[in-house]
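Working notes, beginning with the structure itself.
Each chain gets a letter, A, B and so on, in the order its sequence line appears, and its residues count up from 1.
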There are 2 protein chains.
Amino acid sequence: MSQRIGEEEIYRVLKEAIFNAELSPGTQLVETSLAEAFGVSRTPIRAVLQRLKYESLIKLVPNRGAFVYCPSPDEAEQIFSLRTLLEGEAARLAAEHATPQQLEEMETFLHQEREYYRQKENHKALKAIADFHLTLAEASHNPFLISYLRQLISLSHIIFTFYDTTDQGEPHSMDEHGAILEAIKNRDGRLAAELASSHIHEIKGDVDFSKAVKHSLSIEQLVSRYVKR
Amino acid sequence: MSQRIGEEEIYRVLKEAIFNAELSPGTQLVETSLAEAFGVSRTPIRAVLQRLKYESLIKLVPNRGAFVYCPSPDEAEQIFSLRTLLEGEAARLAAEHATPQQLEEMETFLHQEREYYRQKENHKALKAIADFHLTLAEASHNPFLISYLRQLISLSHIIFTFYDTTDQGEPHSMDEHGAILEAIKNRDGRLAAELASSHIHEIKGDVDFSKAVKHSLSIEQLVSRYVKR
DNA sequence: ATGACTTAAATCGTATACAATTCTGTATTC
DNA sequence: GAATACAGAATTGTATACGATTTAAGTCAT
């Protein structure tokens, strides 16, 4: 018999779905439907939706509903700008405070990335990259920096799948990740910060914000398309 | 007759109370008590508590309850470190994007700060300073940077009242605020960033993290104090 | 045909009742 | 006397019912 699902689990599942674009940007999330789907009441669903709202993974419109986050080119630009700044700082701190376990984890994700790219499993490679950057953030041991970067990395991942970049298979990213990890291992904070910062700046250049795929339009966009006639 | 209070209002009141240390760090917030006090059910209270949790103004322990945020010296140090970084960036962007209205607001808060210090109303002066920095953040026009700085500024304010600094009446802060505003008005991003960054760094030095007042210790702190004998 | 008004459906917002969990004080046992 | 087990109280977690708001459709008069 199926065990009753908890709030934490619901959060995890929903977040994962948004992360992997199984719920494409703009999709409406109806409380009653989700409640039925998970076999719970609306109460825990509402709690989860609020949480997702705070992480900007959904947009919550009063008396209207919840909609999956739909990044605009402007926001994407701002997200990567901030990441450039914060990830540099995280790398600097990581060089000081990273534990052996964290270094090992980053190494593992680096290998995963290499392997998945070799197998042309670009989507899985993207996930490994996100995990690499997340561990790097955690290695800073600054809980606020970690939570901010966690949000920015999540949104970046959505942007990557939204403005689909999986085809162009960035060859430089692996080397850059390796160099960053190397600098951290050598406890060279200055270099690590420099590399990490410019790495994100590179990535930003790879995304073509004009070409969005899997486009489920937002309410506002739909309205503005039809209102002018 | 008293109008029924809304979720937004509850949030505002509670946040203000924590902000002004009317609810001192560590205090437990019981849902039923709050519900009675505000004359609503527990449902909107729970929503507000989640929101406060997300902003780190309270700590939410499952099946236990909500407790007002209690900053440790370590966290305080990390908060100011991040602010040093983010507020520099915000100043740089503000120099590019600040609207005339925002410049005017900052000017107003600067005058308020001066006036309140002259009247020895140190607590109100602190509030004016927070408002100044908040407007500076908003002038960056990067929504993520704004939300991060809003959190850090709130927590800084709590830290200021917790590690009470109102007596030493920082004389340099007003001049520095003025210089920052001047640089932004002259659209000199580089200088504004430099000034803002070092300003926060200065502030950090003013706080004596060893002398906490109104101290309700956390369980962990109590244990570690007695366990080593 | 077009515009304003009415009505109905869908959805979120709130209140209340009940279940599950955690803590506390007390009794019982060794 | 100390440790354990248990019962009660307090608190949070969840489910359900009802109310408020918004959206959209449909009707009618112009």
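Taking the ring centroids of B:H133 and B:H199, they lie under the 6.0 Å cut-off.
Within the 4.0 angstrom heavy-atom criterion, only backbone atoms of the sugar-phosphate kind lie near A:L29; the bases stay farther away.
Every side-chain contact (heavy atoms from CB on, under 4.5 Å) that B:Q78 has, sequence neighbours left out, goes to A:N142, A:P143, B:E75. Under the side-chain contact (heavy atoms from CB on, under 4.5 Å) criterion, A:R46 pairs with A:E31, A:R42, not counting sequence neighbours. Checked against side-chain contact (heavy atoms from CB on, under 4.5 Å), B:A125 has the following partners two or more places apart in sequence or in another chain: B:Y116, B:Y117. With sequence neighbours left out, B:S41 forms a side-chain contact (heavy atoms from CB on, under 4.5 Å) with B:T43, B:P44.
When the side-chain nitrogen and oxygen atoms of B:T43 are compared with OP1 and OP2 of C:dT14, none of them lie within a distance under 4.0 Å.
Minimum atom distance to the side chain of B:R42 is reached by C:dA17, of the listed C:dA17, D:dT11, C:dT14. Considering only side-chain atoms of B:R46, the nucleotide from C:dA15, D:dA15, D:dG13 that sits closest is D:dG13. Comparing D:dT14, D:dA15, C:dA15 by their nearest atom to the side chain of A:V40 picks out D:dA15. Among the nucleotides D:dT12, D:dT14, C:dG13, the one closest to the side chain of A:S41 is D:dT14. Listed nucleotides: D:dG13, D:dT14, C:dT11. Nearest to the side chain of A:Q28: C:dT11.
As a whole-Å value, the separation of B:I10 CD1 from C:dG13 P is 14 Å. Per the geometry, CD1 belonging to A:I58 stands 10 Å off P belonging to C:dC12, to the nearest Å. Taking atom CG of residue B:L49 and atom C1' of nucleotide D:dT11, one finds them 13 Å apart after rounding to whole Å. Look at CD1 on A:I45: it is 16 Å from P on D:dG13, rounded to the nearest Å. Whole-Å rounding puts the B:E31 CD to C:dT16 C1' distance at 14 Å. When the P atom of D:dT14 is taken as reference, atom CZ of A:F38 falls 14 Å away, rounded to whole Å. Going from atom CD of A:E36 over to atom C1' of D:dT16 covers 14 Å, rounded to whole Å. Computed from coordinates, the B:Y11 OH to C:dG13 C1' distance equals 19 Å when rounded to whole Å.
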Check your understanding: Which string of ( ) [ ] | and . matches DNA chain D, if you list each base 5' to 3' and count Watson-Crick or G-U pairs only when both distances are under 3.5 Å?
Key -> ||||||||||||||||||||||||||||||
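Classification of the A:F132-A:H177 ring pair by plane angle, with boundaries at 30° and 60°, yields tilted.
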Pull out every protein N or O sitting under 3.5 Å from an N or O of nucleotides 20-24 of chain C, one pair per line with the distance.
from   : atom 1 : to    : atom 2 : distance (Å)
C:dC23 : OP1    : B:R64 : NE     : 3.4
C:dC23 : OP1    : B:R64 : NH1    : 3.0

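Within a 6.0 Å radius of CD in A:E104, no more than 12 heavy atoms belonging to other residues, nucleotides or ligands are found.
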Practice item. Please lay out, stage by stage, how A:E113 and A:S173 fare under the test side chain to side chain donor-acceptor pair (under 3.5 Å). Key: CA-CA 10 Å; A:E113 180 190 356; A:S173 86; 2.8 Å; yes
Review point. Between B:Q151 and A:Y148, does a side chain to side chain donor-acceptor pair (under 3.5 Å) hold up when you go through it step by step?
Key: CA-CA 11 Å; B:Q151 174 174 15; A:Y148 299 160; 3.0 Å; yes
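Residues B:E55 and B:Y11 have side chains that bring a donor and an acceptor to within less than 3.5 angstrom of each other.
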